[in-house]
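Please read the structure below before turning to the comments.
What you see below is based on every heavy atom in this structure, not just the backbone, and it leaves out hydrogens, waters and symmetry mates. Note that the structure is predicted; figures quoted are calculated from it, not measured. Note that ligands are numbered from 1 as they come in the structure, with each ligand's atoms numbered from 1 the same way. Each residue takes its place number in the sequence, starting with 1.
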Amino acid sequence: MDKLPSVKDLPLSQKTVLLRTNYDVSLEQGEITDTSRIDESLPTLNYLLQQQAKVVILSHLGRPEGKVVPKLSLKPVVDYLSVLIKKEMDLINDFSQKKETEVLMLENLRFWPEEESNDPTFTKQLASLGDLYVNDAFAVSHRSHASIVGLPSFLPSAFGFDFLKETDALGKIQSQPEHPVVIILGGVKEDKLEIIEKILPWSDQILVGGKLPQLVKKNYPEKVMIAQLNEMGKDITLESIKNFASIIKKAGTIVWAGPLGLVEEEEFRQGTREIAQVVMKSPAFKVVGGGDTEAVLTKFNLVDKIDYISSGGGAMFEYLAQGTLPGIKAILERKSIKND
Ligand code: 3PG
């Protein structure tokens, strides 16, 4: 894999940088329940400001599907971040709005349908907000969206520190994993099922729980084990816990994304808790992806035993399967053509 261009390689002074972050945080009644995705963006943001750059932050939040959904506004993120960096910040929702502050944020990118369709006119409008582009949003860089794959064709581009931390850590696991490699997939997002196909060649065993067993509509090869669910369909059965545990105990590498049951409710936590205990006792190299799994392991006091926590779920698996992502290819292609 080529060495990835870093934000440190860009001439930043007096320039305006479009910084793509992943502030896709969970909100409860307008309050951010886990700020880690925001906190992790600080090294890059602070570096840009120290280098006398102005910053326009671009992010998405949730899946508003091209419509303005007020409860998915980035306002709570702006409020939290401006306290953290001790600077006033504007939140703008159209491209012509006047930019007064040193740091500002554009409203949720996914309020515009053109973000997900990677529309060139929209990308050009985004690009007009700055001089340079920095991608520090590893967890969404498996999406071919305007702010991920479109912007590098308009602006000199590089990666932020959090992104490079992810590719350094995951790159080592990707190229030489300790076998057997056991993947544990759970949660509720249906598109996780697409991951099974992608990660098949890289893994030795794939264990599937959470809501996913209800969504499976096809047969998979033998190395994919789909959990049985209890009568209410909200947790995996004791039999499945036993079967999963015997596979996990033999693993050399374990990669886990997504709780195995409806962990928001105490009575459906058993599968996730017991599997978490088996994972933590294993001497295998242990990787966890995505905010939900990290939050659950924190609740069980088991998070310290993880070797690496990735901010991405889908992006992490795609990177492990392919050693690259659409967001990486877009910046590397620009470099090879333009040599910025
Ligand atoms: C994530 O939470 O994994 C990223 O923000 C990507 O979100 P998406 O699956 O809605 O594209």
Side-chain angles (χ1 to χ4, degrees), residues 19-28 32-41 44 57-69 71-74 76-77 80-81 105-118 135-151 159-160 162-163 165-167 169-170 183-199 210-212 215 255-259 263 287-297 308-322 325-328 330:
L19 174 62
R20 177 55 157 111
T21 58
N22 182 39
Y23 293 159
D24 188 13
V25 293
S26 310
L27 295 168
E28 266 169 37
I32 303 166
T33 55
D34 178 2
T35 59
S36 47
R37 285 180 158 174
I38 309 173
D39 305 334
E40 282 154 11
S41 72
T44 302
I57 299 177
L58 307 175
S59 182
H60 74 282
L61 173 56
R63 294 179 170 177
E65 298 181 342
K67 291 184 212 72
V68 176
V69 177
K71 68 174 197 291
L72 293 177
S73 165
L74 283 165
V77 177
Y80 173 78
L81 190 57
M105 202 180 299
L106 182 69
E107 245 311 357
N108 191 342
L109 285 163
R110 292 188 184 173
F111 286 178
W112 287 268
E114 298 90 342
E115 158 68 357
E116 294 194 43
S117 63
N118 186 20
N135 183 346
D136 209 19
F138 177 83
V140 71
S141 289
H142 57 318
R143 306 286 185 214
S144 293
H145 296 173
S147 67
I148 299 292
V149 299
L151 284 173
F159 298 96
D162 195 58
F163 198 116
K165 192 185 90 195
E166 293 272 11
T167 49
L170 293 174
I183 308 288
I184 309 171
L185 276 181
V188 295
K189 282 187 183 174
E190 188 166 0
D191 50 12
K192 278 243 182 74
L193 290 175
E194 290 163 23
I195 291 169
I196 298 180
E197 244 100 5
K198 289 186 180 159
I199 204 78
K211 206 178 173 191
L212 305 178
L215 309 169
V255 187
W256 184 2
V263 287
V287 182
V288 159
D292 292 350
T293 321
E294 184 183 351
V296 171
L297 295 177
Y308 183 69
I309 300 178
S310 171
S311 63
M316 172 187 76
F317 282 117
E318 196 158 327
Y319 186 76
L320 289 174
Q322 286 158 14
L325 291 173
I328 296 178

Item to check | Geometric N/O contact His60 with ligand 1, under 3.5 angstrom | outcome: yes

Next on the checklist: Can you tell me if Lys192 contacts ligand 1 (heavy atom of the residue under 4.0 Å from the ligand)?
Outcome noted: no

Next on the checklist: My understanding is that we take every heavy atom of each candidate and find the minimum distance to atom 10 (O) of ligand 1. Doing that for Arg63, Lys189, Met316, Glu116, which one comes out nearest?
Outcome noted: Arg63

Checklist entry - Could you give the distance from CD1 (Ile38) to CD (Glu40), rounded to the nearest 0.5 Å? => result 10.5 Å

Item to check | Side-chain donor-acceptor pair present, Asn135, Ser141, cut-off under 3.5 Å | outcome: yes

Checklist entry - Rounded to the nearest 0.5 Å, what separation is found between the CD1 atom of Ile57 and the CG atom of Leu106? => result 11.0 Å

Checklist entry - If you take all heavy atoms of His142 and Leu325, which pair is closest and at what distance? => result CB-CD2, 3.9 Å

Next on the checklist: Which option wins on minimum heavy-atom distance to atom 2 (O) of ligand 1: Leu61, Asp24, Val140?
Outcome noted: Asp24

Item to check | N or O contact, Asp191 vs ligand 1, cut-off under 3.5 Å | outcome: no

Checklist entry - Got a second to check how far Leu74's CG is from Leu109's CG, nearest 0.5 Å? => result 8.0 Å

Item to check | 4.0 Å heavy-atom contact, Arg37 with ligand 1 | outcome: yes

Checklist entry - Which atoms of ligand 1 have any heavy atom of Arg143 under 4.0 Å away? => result 8 (P), 9 (O), 11 (O)

Checklist entry - Non-hydrogen atoms of Ala139 versus ligand 1: any pair closer than 4.0 Å? => result yes

Checklist entry - Say you draw a straight line from CG of Leu151 to CG of Asn118; how long is it, rounded to the nearest 0.5 Å? => result 9.0 Å

